[in-house]
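This chain uses plain numbering: 1 for the first residue, then up along the sequence. Computed from heavy atoms alone, side chains included, the values below leave out hydrogens, waters and symmetry copies.
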Amino acid sequence: MPDQGCLGSAILGFRNPYEDNSGAEAASRISTDSFANSQKVPEVRAVFEKWSSCMQQKGYDYSSPMQALETPSFLRGKVSALEKKTAVADVSCKKATGLLKIWFDAESSIQKEMIKTEAKALNKLGELHRKKLSAARRIIAGA
């Protein structure tokens, strides 16, 4: 009996031919780096300040939308009335400031440049994903 059991062994056996660590690392790097870099874009920093000011007018003291996510009481247990009230204020301020569009546009622009740089690795990863999907469809169809 294999260490990961028969099912685990079958899954690994199916998945291995389609693995591409360099492509997966490139995709992951684009995701994490673009998120971090987007927060340094002047337009994003400015809209964060507007959002923060809007939140202060509603009685909250957060410098960025991520800071609210780090509130310890918001990370566990049942959703409290305070958490719901904070979420309503957050959404209201995001709408009022246009935060989501500005941030999305900035991060998308960064990602597009990173994708150009990583095109070869991403194309290979995409091709392997298409082959894996095709193989899975053949298995499901009983071919």
Side-chain angles (χ1 to χ4, degrees), residues 1-55 58 60-143:
M1 175 78 65
D3 287 343
Q4 54 283 81
C6 293
L7 178 60
S9 180
I11 290 169
L12 287 175
F14 171 76
R15 188 175 63 198
N16 283 341
Y18 308 103
E19 292 291 309
D20 178 25
N21 290 336
S22 64
E25 288 170 9
S28 178
R29 189 171 44 257
I30 289 168
S31 176
T32 56
D33 290 357
S34 67
F35 174 75
N37 292 338
S38 70
Q39 295 174 59
K40 299 172 188 172
V41 172
E43 294 83 3
V44 173
R45 293 176 63 87
V47 80
F48 277 10
E49 288 178 19
K50 289 178 184 175
W51 175 89
S52 179
S53 177
C54 178
M55 290 293 283
K58 296 179 183 296
Y60 301 93
D61 186 26
Y62 297 118
S63 60
S64 77
M66 286 76 60
Q67 189 180 14
L69 296 173
E70 297 166 0
T71 303
S73 64
F74 291 177
L75 300 175
R76 61 189 176 301
K78 292 179 89 172
V79 177
S80 67
L82 174 61
E83 190 173 0
K84 290 176 185 177
K85 188 178 171 193
T86 304
V88 169
D90 173 40
V91 170
S92 173
C93 288
K94 283 176 178 168
K95 286 181 178 179
T97 61
L99 186 145
L100 297 177
K101 179 170 180 8
I102 291 167
W103 194 3
F104 176 84
D105 290 347
E107 189 169 357
S108 293
S109 177
I110 292 166
Q111 288 176 346
K112 286 175 185 174
E113 290 304 313
M114 294 177 80
I115 288 168
K116 287 178 189 175
T117 303
E118 300 283 0
K120 185 176 180 181
L122 294 173
N123 287 335
K124 179 181 176 191
L125 181 64
E127 182 58 30
L128 287 170
H129 278 275
R130 283 187 287 282
K131 288 179 180 178
K132 184 177 183 180
L133 181 58
S134 178
R137 285 182 174 145
R138 283 193 304 275
I139 289 170
I140 291 170

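We find the OG1-CG distance between T117 and L122 to be 10.0 Å, quoted to the nearest 0.5 Å. Residue M114 holds its CE atom at 11.5 Å from OG of S109, rounded to the nearest 0.5 Å. Atom OH of residue Y60 and atom NZ of residue K85 lie 4.5 Å apart, to the nearest 0.5 angstrom. Remark: E113 CD to S34 OG distance equals 12.5 Å, nearest 0.5 Å. Summarising the geometry, atom CG belonging to N123 is positioned 11.0 Å from atom CG belonging to L128; distances are rounded to the nearest 0.5 Å.
Qualifying side-chain hydrogen bond (donor to acceptor under 3.5 Å, both in side chains) partners for E49, counting only residues two or more places apart in sequence or in other chains: none. Here E83 pairs with nothing under the salt bridge (charged side-chain N to carboxylate O under 4.0 Å, His left out) rule; sequence neighbours left out. Partners of K124 under the salt bridge (charged side-chain N to carboxylate O under 4.0 Å, His left out) rule, at least two apart in sequence or in another chain, are D20. Under the side-chain hydrogen bond (donor to acceptor under 3.5 Å, both in side chains) criterion, K78 pairs with no residue at all, not counting sequence neighbours. Remark: S108 pairs with no residue by the side-chain hydrogen bond (donor to acceptor under 3.5 Å, both in side chains) rule, at least two apart or across chains. Listed by chain and number, the residues in a side-chain contact (heavy atoms from CB on, under 4.5 Å) with A36 amount to none (sequence neighbours excluded). Scanning for salt bridge (charged side-chain N to carboxylate O under 4.0 Å, His left out) contacts around K84 gives an empty result, with sequence neighbours left out. Remark: E43 engages no residue in a salt bridge (charged side-chain N to carboxylate O under 4.0 Å, His left out) (not counting sequence neighbours).
Pairs engaging residues 62-105 under the ring-ring contact (aromatic ring centres under 6.0 Å, His included) rule: F35-W103, F48-W103 [sequence neighbours left out]. Here salt bridge (Lys or Arg N to Asp or Glu O under 4.0 Å) pairs that include residues 93-103, with residues two or more places apart or in two chains, are D90-K94, K101-D105. Evaluation of the disulfide (SG to SG under 2.5 Å) test over residues 74-124, restricted to residues two or more places apart or in two chains, returns C54-C93.
The only option from L100, L99, V41 that meets the side-chain contact (heavy atoms from CB on, under 4.5 Å) definition with V47 turns out to be L99.
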Show the atom names and distances, to 0.1 Å, of all donor-acceptor pairs under 3.5 Å that link a side chain in residues 25-33 to residues at least two apart or in another chain.
unit_1	atom_1	unit_2	atom_2	d
R29	NH2	E118	OE2	2.8
T32	OG1	S28	O	3.1
T32	OG1	R29	O	3.4

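Between the side chains of S134 and R130, no donor N or O sits under 3.5 Å from an acceptor N or O.
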